[in-house]
Amino acid sequence: MVIDSEGYIQLIHFLTNNLALFESKGCATQEDSVAEYVSDLIAENVMRVCIQHEHLDSTHRFEVVRETDAIVHDLEEVLSTVWHKAPTPEQKEFLTEFIGLIKNLFDTELTKFD
């Protein structure tokens with residue numbers, strides 16, 4: 001669906017082109033880690049996708065969840081050096097934009113099932 005698309009490949013390139021944002025490794029604090037921040041954003045956006053595309057059957061919903069798991073795994077691989085650190089404001093901004101773009105990919109793909 002999405003992870004095999006040209007759009008996702010371009011988003012991965014966008015991420016790798018912006019890795020300098022993640023050279024500032026944040027710090028281990030009581031705040032959420034990058035992992036928790038990403039998980040929360042992904043969960044919010046998956047719920048939005050499912051609400052906006054209420055016509056989806058359980059097979060398509062399962063595929064959305066399966067693919068978002070793969071996306072989180074990809075992000076964990078790329079951001080492994082900061083995955084358990086608190087994100088900086090710039091990192092949060094980037095991750096919010098990046099995950100929003102992923103949601104847009106799902107929205108575009110799922111409109112084909114309307």
Side-chain angles (χ1 to χ4, degrees):
M1 184 183 290
V2 169
I3 57 175
D4 296 326
S5 71
E6 180 62 31
Y8 186 68
I9 293 168
Q10 290 175 2
L11 278 177
I12 294 300
H13 288 300
F14 176 60
L15 174 62
T16 57
N17 289 336
N18 286 281
L19 282 179
L21 283 171
F22 297 93
E23 289 175 359
S24 171
K25 297 182 180 176
C27 58
T29 66
Q30 301 292 2
E31 294 181 42
D32 288 346
S33 65
V34 169
E36 293 164 325
Y37 190 74
V38 165
S39 293
D40 288 347
L41 285 173
I42 290 282
E44 288 172 20
N45 281 285
V46 166
M47 285 190 288
R48 282 188 191 120
V49 164
C50 290
I51 289 168
Q52 290 172 342
H53 301 276
E54 58 189 21
H55 63 283
L56 292 178
D57 60 26
S58 59
T59 302
H60 289 111
R61 288 178 192 270
F62 178 74
E63 182 147 355
V64 168
V65 171
R66 184 185 63 75
E67 289 206 2
T68 55
D69 285 345
I71 291 166
V72 170
H73 177 75
D74 289 348
L75 287 170
E76 182 179 6
E77 293 266 328
V78 173
L79 302 175
S80 62
T81 60
V82 295
W83 196 244
H84 297 290
K85 305 287 185 185
T88 66
E90 295 81 13
Q91 291 168 350
K92 283 183 175 183
E93 183 178 337
F94 177 84
L95 290 168
T96 300
E97 178 183 357
F98 184 82
I99 292 170
L101 292 169
I102 289 172
K103 181 196 175 290
N104 290 346
L105 283 177
F106 277 107
D107 286 336
T108 300
E109 188 64 29
L110 293 172
T111 57
K112 296 175 183 175
F113 299 108
D114 286 342

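Hydrogens, waters and symmetry mates are skipped; everything else that's a heavy atom, side chains included, is used. No experiment lies behind these values; they were computed from the predicted model shown.
L110 and H55 make their closest contact through O-NE2, 3.8 Å (heavy atoms, listed as atom of the first residue, atom of the second, distance). Between S33 and P87, the shortest heavy-atom distance links the atoms C-CD, 3.8 Å. Between Q52 and D107, the shortest heavy-atom contact is OE1-OD1, 3.5 Å. In terms of heavy-atom proximity, Q91 sits nearest to L21 at NE2-O, 3.1 Å. Minimum heavy-atom separation, F94 to L15: CE2-CD1, 3.5 Å. Between V34 and L79 the shortest heavy-atom distance is CG1-CD1, 4.4 Å.
No more than 12 heavy atoms of other residues, nucleotides or ligands lie within 6.0 Å of CD in E93, so this atom counts as exposed by the packing criterion.
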Fill in: Derivation of the side-chain contact (heavy atoms from CB on, under 4.5 Å) call for V82 and E23
CA-CA 8 Å; V82 295; E23 289 175 359; over 6 Å; no

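Connection of I42 to F62 is not established within any shared hydrophobic cluster, with ILVMFWY side chains joined at heavy-atom distances below 4.5 Å, either directly or through further cluster members. Under a hydrophobic clustering in which Ile, Leu, Val, Met, Phe, Trp and Tyr are joined whenever their side-chain heavy atoms come within less than 4.5 Å, directly or via other members, L11 and L19 fall into the same cluster.
S39 places no side-chain N or O within donor-acceptor distance of the main-chain N or O of E36, the cut-off being under 3.5 Å.
To the nearest 0.5 Å, the span separating OG on S80 from CG on L75 amounts to 11.5 Å. A distance of 12.0 Å separates CD1 in I51 from CG in L56, rounded to the nearest 0.5 Å. Considering CD1 of I102 and CG of D74, their distance stands at 8.5 Å, rounded to 0.5 Å. Distance check: T68 OG1 to F106 CZ gives 6.0 Å after rounding to the nearest 0.5 Å. Here E109 contributes atom CD and I3 contributes atom CD1; the two are 11.5 Å apart, rounded to the nearest 0.5 Å. T108 contributes atom OG1, which lies 12.0 Å from atom CE of M1 (distance to the nearest 0.5 angstrom).
Between V78 and F22, the closest side-chain pair of non-hydrogen atoms is not below 4.5 Å. Taking the side chain as every heavy atom from C-beta outward, Y37 and I99 never approach each other to under 4.5 Å.
Using cut-offs of 30° and 60° for the angle between ring planes, the F98 and F14 rings count as parallel.
Under the salt bridge (Lys or Arg N to Asp or Glu O under 4.0 Å) criterion, the residue pairs touching residues 55-69 are E63-R66, with sequence neighbours excluded.
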